[in-house]
Amino acid sequence: MKKVFYSLSLLLAGIAIVTTSCNHGASTDGLQNEIVLSNFDTTVKPGNDFFEYVNGTWLKNNPIPASEARWGSFDIANDSNIARVHKILMDASADKSKAPNSIPQKVGDFYAMALDSDKLNKDGISPLKDELANINKVSDNKSLWEECARLMKMGSNVMFRFSVGQDDKISTKEICQFSQGGMLLPGKDYYVDTTARMKKIRTAYVEYLTQLFGQLGEESVAAQNAEKVLHMETEMANSAMTNIETRDVHAVYNKMTFADLEKMTPSIDWTTCMNVWGLKSIDTVLVAQPKFMVQISDLTKSFSIDDWKTYLRVQLLATESIRYKLSDAIADINFNFWGKTLSGTKVMKPRWRRSVEATNAAIGELVGQLYVAKYFSAETKERVHTMVTNIITAYKERINNLTWMSPETKKFAIGKLDKITLKLCYPDKWRDYSALEIKNDAYALNAFRVGEYKFNYNLNKLGKPVDRTEWGMSPQTVNAYYEPTLNEICFPAGILQFPFFEANRDDAMNYGGIGAVIGHELTHGFDDQGNQYDGDGNMRKWWTDADSTHYFDKLGLVIRQFDDFVIDSVHVKGKLTIGENTADLGGITIAYQALENDLKQHPEGIVDGFTPEQRFFISLAQIWRQNARPAYIRQMVNTNPHAPANFRVLGPLANMSEFYKAFNVKPGDAMYRSDSLRAVIW
Ligand SMILES: [Zn+2]
C-alpha cells in the first residue's frame with residue numbers, strides 16, 4: 001500500500017544534464033554570493049509577484065536543457081551530485097583489483113554493464129528470453145499466477161502491488177499490504193478521462209505499446225495487441241481510486257484476515273503466489289483498495305489466458321526498471337512516450353547520465369557509502385542539527401500561542417514533536433547488500449536481480465520488529481522526507497548544499513533555504529494525513545473534535561486558494577496538493593519564527609541591501625526557481641501532490657503578514673489578501 005513518503009519535491013525518474021552552468025555567482029574566494037541581484041527582475045514589484053521579482057532574470061537566462069522536462073534549483077543541486085557520483089562510478093568500474101562482491105565491484109560492474117551500448121544493442125531483447133519463455137508456458141489460471149508472482153518478485157508491476165510495511169494502527173508491526181497496480185499510465189484519469197488531451201495520450205500510448213510488441217517480433221498483431229492491453233488496463237482502472245481518493249488514509253486502511261481476502265478474490269491463486277514468494281502463512285493483511293482486488297480476480301476469468309500472456313509480455317518490456325536497460329531502439333521507443341509525450345522533454349539524456357541515475361536508483365546505499373566517505377562534512381551535520389533543534393523549539397512556541405487549539409491537543413502535538421526521529425546526512429547502519437549479486441551477463445538481468453533482492457529484503461521484514469534505523473532515501477539524494485508511521489524526518493547529505501544550505505553564509509539565508517525545508521517536513525507530521533498519526537506512528541484520533549473542525553476549516557481555505565491558481569490554463573488541484581501546501585505554509589512560518597528567535601541572540605544587519613527578514617524570503621524564492629515544460633506541468637498538476645514551483649512561493653507568502661511587512665505589501669498589490677482571506681494555521 002504505502003510507504004507514504006512526504007517528500008519535498010517529487011523528482012522525475014532521471015533528472016538533469018550538465019549543460020547549464022550554475023549561475024549563482026561564485027566569488028573568487030570560493031564563497032557563494034548570497035544574493036545575486038542580476039537574477040532578479042526589479043521591474044516586477046515584490047508584492048505583485050515575488051517569485052518573478054527574485055527569479056525573473058534567472059528564469060530568462062537559464063532555459064531548460066533539451067534533455068530535461070524542467071530546470072531549477074533542485075536539478076542544479078542534483079547535477080553537482082550526479083557529477084560526484086559519476087566520478088565514483090568511473091573509478092570503481094576502472095579499478096582492476098576490486099574484490100568479488102565488494103562495494104566497488106557491485107557499483108562498478110552495475111555501471112559498466114549499463115554503459116556498454118555495443119553489448120546492449122547486440123543483445124537486443126535476448127536477456128528477456130527466459131522470462132518470455134516462462135510467459136509462453138502459461139496455460140491455465142495456476143500457471144498464470146505463478147508467472148505473475150514471479151514477475152512481481154523481479155520488480156515488475158503486474159496485476160497489483162504487494163509489499164510488507166508497517167501496520168498504520170500498530171506501528172511496531174510489519175504486515176502484508178496489497179494495493180492497486182498493474183497499469184502503466186500515471187493514474188486512473190489517464191484511462192478514464194474523456195478530455196481531448198487524455199484521449200491524445202491514450203492514442204500515443206497505444207502507438208507506444210504497438211512499437212514494443214514490434215520489438216517482441218509480433219509486428220503483424222502488434223496494433224491489435226496494444227489495443228487489447230489498453231482495454232485490459234482500462235478495466236483495471238475502472239475499479240481503481242484516483243490520486244485524490246488515495247490521500248484518505250482511512251479509506252485505504254482495510255484490515256482483513258488473509259482467509260477473507262482469499263474468499264473475496266477466488267480467481268487469484270494465492271497458494272501459488274505464496275509459494276513463489278516463499279511465504280508460509282499470513283494471518284491478517286491490509287488491502288488499500290478491496291474493490292480493485294475483486295476486479296482483478298474477476299478480470300482473471302473474463303479475459304482469456306492468451307490475453308493475459310499478451311499483457312504480461314509487454315509489461316515485462318515496459319516496466320519502469322527495464323525501460324532503458326535494453327537496446328537503443330527500445331530506449332528510444334520508451335523515451336518517445338515517457339519523455340516526449342508525457343513530459344515534453346526534447347532529447348534523451350546521454351547514456352552515462354542515465355547509467356549513473358540507474359545505479360543510484362538500484363543500489364543507492366552502496367553508492368552512498370562511497371559518496372559519504374568522499375564528500376561528507378561533519379561541520380554541515382552539526383550546523384543543520386542545530387537548525388532542526390531551533391525550528392522544533394519555534395514550532396512548539398507557535399503551537400503554545402495558537403488561539404484556535406485547545407490545551408489538550410496542544411499538549412499532544414508538542415509531545416509528538418518531542419518524539420520525532422531525526423535522520424541527518426547518512427544512515428548510522430548501512431543496508432546489507434550481501435544477498436545481491438551483480439554479474440557481467442546483462443544489464444537487464446542485473447536489474448531483475450536488484451528487483452528480487454529488494455523484494456526479498458522487504459519480505460524478510462515480516463514477523464520482525466520494525467527497523468527504525470532504516471533510511472528511505474540514499475545520502476546522495478537532493479530531497480527530504482517525513483514518514484508518519486515512523487514519525488521521522490530525513491535530510492540526506494545531498495540536499496545540504498547551495499541554494500538550500502551553506503556552512504559559510506548567514507542564518508537568514510539558511511533559514512529561508514534548508515530551514516523552510518526542515519519546517520516543511522516537520523509540518524507534514526500535522527498535515528491532512530500526518531495529523532491522523534500519533535508520536536509513535538499509530539493512526540489514531542488524538543485531536544478533540546472541536547480542534548479537528550477548526551483545523552479542517554483552515555485547510556478548506558488553503559484548498560480554495562490553490563484551486564484558484566491557474567497555470568497554462570489548467571487549475572491546480574487544491575485537494576490533491578493540500579498536504580504539501582500546508583507543509584509549505586507551516587514550514588515557512590516556523591522557519592521564520594526560528595530565525596526571529598535566532599536574531600535576538602545573534603543580530604544580523606543589512607547584507608546586499610536587504611534586511612535579514614527580506615533575505616529569508618529571497619532565499620525561499622531562490623530554492624523554488626524553476627523553468628518547466630508545459631507537458632510536464634500538465635502531468636504534474638494531474639498527478640503530483642506538489643503544486644507547481646511558483647505557487648509554492650506565491651501561495652504561502654500571500655498568507656503571511658511577516659512577508660507583507662518585510663516587502664511592504666499593500667492593498668492593490670496582486671499578492672495582497674485581506675486579513676480574513678489569509679490562512680494562518682500554525
Ligand atoms: Zn512535502
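In listed order, ligands and their atoms are each counted from 1.
- The Zn ion (ligand 1) has His524 among its coordinating residues (N/O/S atom, backbone or side chain, under 2.8 Å).
- No side-chain donor from either of His250 and Asp248 sits under 3.5 Å from a side-chain acceptor of the other.
- Arg70 and Tyr632 share a donor-acceptor pair across their side chains, judged by distance under 3.5 Å alone.
- Of all the N, O or S atoms in His520, the one closest to the Zn ion (ligand 1) is NE2.
- Closest N/O/S atom of Glu580 to the Zn ion (ligand 1): OE1.
- At least one test fails for Arg673 against the ring of Tyr660: distance under 6.0 Å to the centre or angle within 45° of the axis.
- In this structure, Lys573 forms no cation-pi arrangement with Phe565, as its terminal cationic atom is not both closer than 6.0 Å to the ring centre and no more than 45° off the ring axis.
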